[in-house]
Trainee: 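Sharing a structure, written as structure tokens. Questions coming.
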2 protein chains.
Amino acid sequence: MKESYKTKQREQILQSFQQRSDEHINADQLSDLLKKEGTTIGTATIYRTLDKLVTQGSLRKFIADAGEKSCYQYIDKEKGCADHYHLKCTECGALIHLECDEVQLLAKHLLASHNFMIDTTRTVIYGTCQTCIQKKEISHE
Amino acid sequence: MKESYKTKQREQILQSFQQRSDEHINADQLSDLLKKEGTTIGTATIYRTLDKLVTQGSLRKFIADAGEKSCYQYIDKEKGCADHYHLKCTECGALIHLECDEVQLLAKHLLASHNFMIDTTRTVIYGTCQTCIQKKEISHE
DNA sequence: TTGCGTGCAAAGGTTTTGCATGGCA
DNA sequence: TGCCATGCAAAACCTTTGCACGCAA
């Protein structure tokens, strides 16, 4: 394991995410947020820090399509997000926390039959939420 | 709906995917494949065609993380859209594509009980693969 | 003939890297 | 002191776009 220093920049970035634990923020927005708070952090540092925080399990990364920016969100370890899944609507961006026993079966199955240990902390299930499904149906009529 | 001409290039691209319906291929690999078969198609055309084929429902797109290339796969409409899932190992980075009926239950359950329509195109399940689980166990002993 | 498709090169946008400097331990 | 972290600018990267020409219908 690599050593890691505690720096002002990393603290501030992590804090920004903690204060907005229900939001998903991209590198650019983060930069703006910090500027408004009086701190300017270089782009390279932002990306490097974000990457470290994801690896270390403090942030979750939402991968974007080409040309779009990837988003990040704070993972609250106290709350035990470990046991629940995250659904994200690609239409409206809503993030749904799903606690459902039946979904846990997926983890068991993957482990038992495919020897794959799922990490619910980092996994995000993308799709279309109820509201947006209805919107689509209406517009097709 | 826009008009669409039938061109040699589009036919060849579609054919390449049909012949490899169990693989997911990126723009670069496709270009190489075609070159080996004696055809050279410009990058722009490849991307434009890929995009059209996705829109038209002939291909499925797997969105990749930054720096990686997005992959595409043929959708066999006869077979009835066998969705497949992506498992990605956070230790070694391996990308596993999983076609498994039992996993399809997840999609059904999410739709039936949570009104959420999963998009397997964008969803990547993160965790630890078999090889890396074993490595960890060994190093902990 | 009409206008979509193609190819080349250049641009676009996000993210990464090189390198010298700064700061934690 | 040792070495990770930072910042700037430049690079790398995949992908898209502009433009002139080619080709399907």
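Chain A is the first sequence line, chain B the second, and so forth, proteins listed ahead of strands; every chain is numbered from 1.
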Trainee: With nearest nucleotide decided by heavy atoms, which residue, B/Ser70 or A/Gly42, maps closer to the 5′ end of DNA chain D?
Mentor: A/Gly42

Trainee: Run A/Lys61 and B/Asp65 through salt bridge (charged side-chain N to carboxylate O under 4.0 Å, His left out) and show every step you take.
Mentor: CA-CA 10 Å; A/Lys61 181 177 186 179; B/Asp65 201 350; 3.1 Å; yes

Trainee: Return the CG to NZ distance between B/Leu30 and B/Lys35, rounded to the nearest 0.5 Å.
Mentor: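 If we round to the nearest 0.5 Å, B/Leu30:CG and B/Lys35:NZ are 10.5 Å apart.
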
Trainee: Report the C-alpha distance between A/Arg60 and A/Thr123 in whole Å, list the side-chain angles of each, state the deciding distance to 0.1 Å, and finish with yes or no for side chain to side chain donor-acceptor pair (under 3.5 Å).
Mentor: CA-CA 8 Å; A/Arg60 186 187 351 266; A/Thr123 299; over 6 Å; no

Trainee: Looking at C/dT6, I'd like to know if its phosphate oxygens (OP1 or OP2) sit under 4.0 Å from a side-chain N or O belonging to B/Thr40.
Mentor: no

Trainee: C/dC4 C1' sits how many Å from B/Asp51 CG, rounded?
Mentor: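 After rounding, the gap between these two atoms is 15 Å.
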
Trainee: Any side-chain N or O of A/Gln9 less than 4.0 Å from the OP1 or OP2 oxygen of C/dG22?
Mentor: no

Trainee: Looking at CD of A/Gln12 and CG of A/Leu33, how far apart are the two atoms once the value is rounded to the nearest 0.5 Å?
Mentor: 11.5 Å

Trainee: Rounded to whole Å, how long is the line connecting atom CG of B/Leu50 with atom C1' of D/dT16?
Mentor: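 Distance check: B/Leu50 CG to D/dT16 C1' gives 13 Å.
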
Trainee: Measure the distance from CD1 on B/Ile13 to P on C/dT6 and round it to the nearest whole Å.
Mentor: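 Spelled out: CD1 on B/Ile13 to P on C/dT6 is 7 Å.
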
Trainee: Any idea which of D/dG7, D/dC14, D/dA5 is nearest the A/Thr7 side chain?
Mentor: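 Closest of the options to the side chain of A/Thr7: D/dA5.
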
Trainee: Taking for each residue the nucleotide of DNA chain C with the nearest heavy atom, is it B/Lys6 or A/Tyr5 whose nucleotide lies nearer the 5' end?
Mentor: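 With B/Lys6 and A/Tyr5 compared, the 5'-side residue is B/Lys6.
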
Trainee: What is the distance, rounded to the nearest whole Å, between atom OH of B/Tyr47 and atom P of C/dA11?
Mentor: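 After rounding, the gap between these two atoms is 19 Å.
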
Trainee: With a 4.0 Å cut-off on heavy atoms, is A/Lys8 in touch with a base, just the backbone sugar-phosphate, or nothing at all?
Mentor: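 Counting heavy atoms under 4.0 Å across all strands, no contact is made by A/Lys8.
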
Trainee: When we call it a touch if two heavy atoms are under 4.0 Å apart, what does B/Thr45 touch: a base, just sugar-phosphate, or nothing?
Mentor: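 Since a base atom lies under 4.0 Å of B/Thr45, the category is base.
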
Trainee: For the aromatic rings, using the six-membered ring if either is Trp, is the centroid distance between B/His86 and B/Phe62 under 6.0 Å?
Mentor: yes

Trainee: Which part of the nucleic acid, if any, lies within contact of B/Arg48, taking any heavy atom under 4.0 Å across all strands shown: a base, the sugar-phosphate backbone alone, or nothing?
Mentor: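 If one applies the 4.0 Å heavy-atom cut-off, B/Arg48 turns out to touch a base.
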
Trainee: Once you round it to whole Å, what is the distance between C1' of C/dG22 and CZ of A/Arg10?
Mentor: 15 Å

Trainee: How many whole angstroms separate atom CD1 of B/Ile63 from atom C1' of D/dT15?
Mentor: 13 Å

Trainee: Please determine, for the side chain of B/Ala44, which listed nucleotide (D/dA9, C/dA9, C/dT15) has the closest atom?
Mentor: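 In terms of side-chain proximity for B/Ala44, the closest of D/dA9, C/dA9, C/dT15 is C/dA9.
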
Trainee: Specify the separation, in whole Å, of atom NZ of A/Lys52 and atom P of C/dT17.
Mentor: 12 Å

Trainee: Starting at SG of B/Cys129, measure out to CD1 of B/Ile96 and round the result to the nearest 0.5 Å.
Mentor: 5.5 Å

Trainee: Once you round it to whole Å, what is the distance between C1' of C/dT16 and NZ of A/Lys61?
Mentor: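 For the pair A/Lys61 NZ and C/dT16 C1', the rounded distance is 11 Å.
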
Trainee: Is the phosphate of C/dG5, meaning OP1 or OP2, less than 4.0 Å from a side-chain N or O of B/Ser4?
Mentor: yes

Trainee: Tell me, do A/Ile13 and A/Leu53 make a side-chain contact under 4.5 Å, heavy atoms counted?
Mentor: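 With C-beta onward as the side chain, the pair touches.
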
Trainee: Return the CZ to SG distance between A/Phe116 and B/Cys132, rounded to the nearest 0.5 Å.
Mentor: 9.5 Å

Trainee: State, to the nearest 10°, the angle formed by the axis through the first five base pairs of the helix from C/dT1-D/dA25 to C/dA25-D/dT1 and the axis through its last five.
Mentor: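 Here the local axes at opposite ends form an angle of 40°.
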
